[in-house]
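Structure first, then comments.
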Amino acid sequence: MEHRIGYACINTSIDATTNKTCRLGNCTDERLRQLIHSNLSGLKEVISWNNRHNIFLYRVSSVIIPFASHEVNKIQWWEEFKDDFEEIGKLIKNTQMRVSMHPGQYVNINSNSPEIVKSSLKELDWHAKFLDSLNLDSTHRLIFHTGGVYGDKTEAKRRFIKEYKNIPENIKARLTLENDDKSYNVQDVLNIHQKTGIPIVFDILHHQVNNTGKKIDDDLESILKLCFATWNDKTGIPKIHYSTQRPGARPGMHADSINIDEFIKFYLKFKNLDFDIMFETKNKEKSVLEVYKRLSN
DNA sequence: AAACGTCAAGTTCCG
DNA sequence: CGGAACTTGACGTTT
């Protein structure tokens, strides 16, 4: 079974970057065009590098289009850079790469404030547009979290489900919910899946620091299978996030590297299941290469 | 050239 | 109540 293993956003082995940005105060159309052009070139280089190193899973940075959902950015980037998007999209498809994006903490579709729900949708919209512009199918996912609790989780969950159902189809087709490290544990998101059909990315470190404490959460194999069952042909092979707790740091904080021994143990135990693995570490692609090296020995 | 304070946004936790 | 942290450090000014 081919398990893809990948990393998020930054390649520390090469100079190419997808993360150039500017300050709101000095943001001009020309500057934005330059930045977008530079970031897309960086993306091309990173994808090529990934392919040469047999890495076929990659998260595209959310700062690749600076101020994408802010009114200061009026660039029709999906039109102006159509050729670049087409080229990168082909590169991704030809190399069987799977990409994802992970909109950040400002997406809270269950917020009490209609304004924040609106800006959350704007944020989701441009991410979907980015992947759509690459002509990628819905196995290339948008990962996000449930949002805040606002003092009443049952009510906040109910709002999430209600708002989710109103999201435009092109966005919903890619949305994927991840268990988080503080508020919504894997049981919460599985429960939301039952009401919405949204697939679940299982984050193993978040699960370690945020679970029900009951027996049900000790059985990793059952949980993996439950999460994997939320995926289908349209949404693609199930996916997990894997990272190691930074020693001595706040629970949930990522270590510099994957703990290779622990990961190999985990991998050997579950490799009969079909799933992709996104590493979240400070050393990025280096953890993937280290694991490759170890697995080939 | 290196060092350092600051940067669009929301929410939560910690001190 | 202020600051840090989060999926992700980079910019711009000063030394």
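Only this structure's heavy atoms are used, side chains among them; waters, hydrogens and symmetry mates stay out. Just so it is clear: chains get the letters A, B, ... in the order the sequence lines come, proteins before strands, and each one is counted from 1.
By the side chain to side chain donor-acceptor pair (under 3.5 Å) test, T196(A) is found to be paired with no residue, residues two or more places apart in sequence or in another chain being considered. Take W126(A) and apply the side chain to side chain donor-acceptor pair (under 3.5 Å) test, not counting sequence neighbours, and it matches E123(A). Applying the salt bridge (charged side-chain N to carboxylate O under 4.0 Å, His left out) rule to D132(A) yields the partners R174(A); only residues at least two apart in sequence or on another chain are considered.
Whole-Å rounding puts the N73(A) CG to dA9(B) P distance at 16 Å. The nearest whole Å value for the distance from the CG atom in L32(A) to the C1' atom in dC11(C) is 14 Å. In this structure, CD of E280(A) is placed 17 Å from P of dA5(C), rounded to the nearest angstrom. When the C1' atom of dC14(B) is taken as reference, atom CG of D181(A) falls 14 Å away, rounded to whole Å. Atom C1' of nucleotide dA10(C) and atom CZ of F67(A) are separated by 11 Å, given to the nearest angstrom. Following rounding to the nearest Å, H102(A) (NE2) and dC6(C) (C1') show an atom-to-atom distance of 9 Å. Distance, D180(A) CG to dG10(B) P: 18 Å, rounded to whole Å. Straight-line distance from the CD atom of E71(A) to the P atom of dA9(B): 13 Å, rounded to whole Å.
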Stepwise ring-ring contact (aromatic ring centres under 6.0 Å, His included) test for F270(A) and F275(A): CA-CA 9 Å; F270(A) 297 114; F275(A) 62 105; 7.5 Å; no
Secondary-structure notation, DNA chain B, from Watson-Crick and G-U pairs under 3.5 angstrom (| other strand): |||||||..||||||
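M97(A) and V46(A) fall within the same hydrophobic cluster, where Ile, Leu, Val, Met, Phe, Trp and Tyr residues are linked whenever their side-chain heavy atoms come under 4.5 Å apart, directly or through other members.
Atom name P, nucleotides dA10(C) and dG10(B): the rounded distance is 23 Å, in whole Å. Comparing dA3(B) with dT8(C), their P atoms sit 24 Å apart, to the nearest whole Å. The P atoms of dG3(C) and dT6(B) are separated by 11 Å, rounded to the nearest whole Å. Between dC4(B) and dC6(C), the distance separating the two C1' atoms is 22 Å to the nearest Å.
Across all strands shown, V149(A) has heavy atoms under 4.0 Å from sugar-phosphate atoms exclusively, and none from any base. Among the protein residues, G104(A) comes within range of the nucleic acid bases, having at least one heavy atom under 4.0 Å from a base atom. Across all strands, A68(A) comes closer than 4.0 Å to base atoms (heavy-atom distances). Counting non-hydrogen atoms under 4.0 angstrom, H241(A) reaches nothing in the nucleic acid.
Pairs passing the side-chain hydrogen bond (donor to acceptor under 3.5 Å, both in side chains) check and including a residue from residues 93-102 of chain A, sequence neighbours excluded, read R98(A)-D276(A), S100(A)-K239(A), H102(A)-E178(A).
Taking 4.0 Å as the cut-off between side-chain N and carboxylate O, K172(A) and E169(A) count as a salt-bridged pair.
In this structure, a donor-acceptor pair under 3.5 Å is present between the side chains of D217(A) and Q187(A). No hydrogens or angles considered: a donor-acceptor pair under 3.5 Å links the side chains of D219(A) and S222(A).
Side-chain nitrogen and oxygen atoms of R31(A) include none within less than 4.0 Å of the OP1 or OP2 phosphate oxygen of dC11(C). The side chain of K182(A) contributes no N or O atom lying less than 4.0 Å from OP1 or OP2 of dA5(C). Under 4.0 angstrom from either OP1 or OP2 of dT11(B) there lies at least one side-chain N or O belonging to Y150(A).
A residue-by-residue look at Y106(A) and N19(A) shows that Y106(A) has its nearest nucleotide of DNA chain C further toward the 5' end.
Taking the centre and axis of the six-membered ring of Y184(A), the NZ or CZ atom of K153(A) falls inside the cone set by 45° and 6.0 Å.
Residues of residues 107-133 of chain A having a heavy atom closer than 4.0 Å to DNA chain B, listed by number: N108(A), S111(A), I116(A), E123(A).
Using a distance-only test at 3.5 Å, with no hydrogens or angles considered, a donor-acceptor pair links the side chain of N179(A) to the main chain of D203(A).
Counting atom types as modelled, T17(A) pairs no side-chain N or O with a base atom of dA10(C) as donor and acceptor under 3.5 Å.
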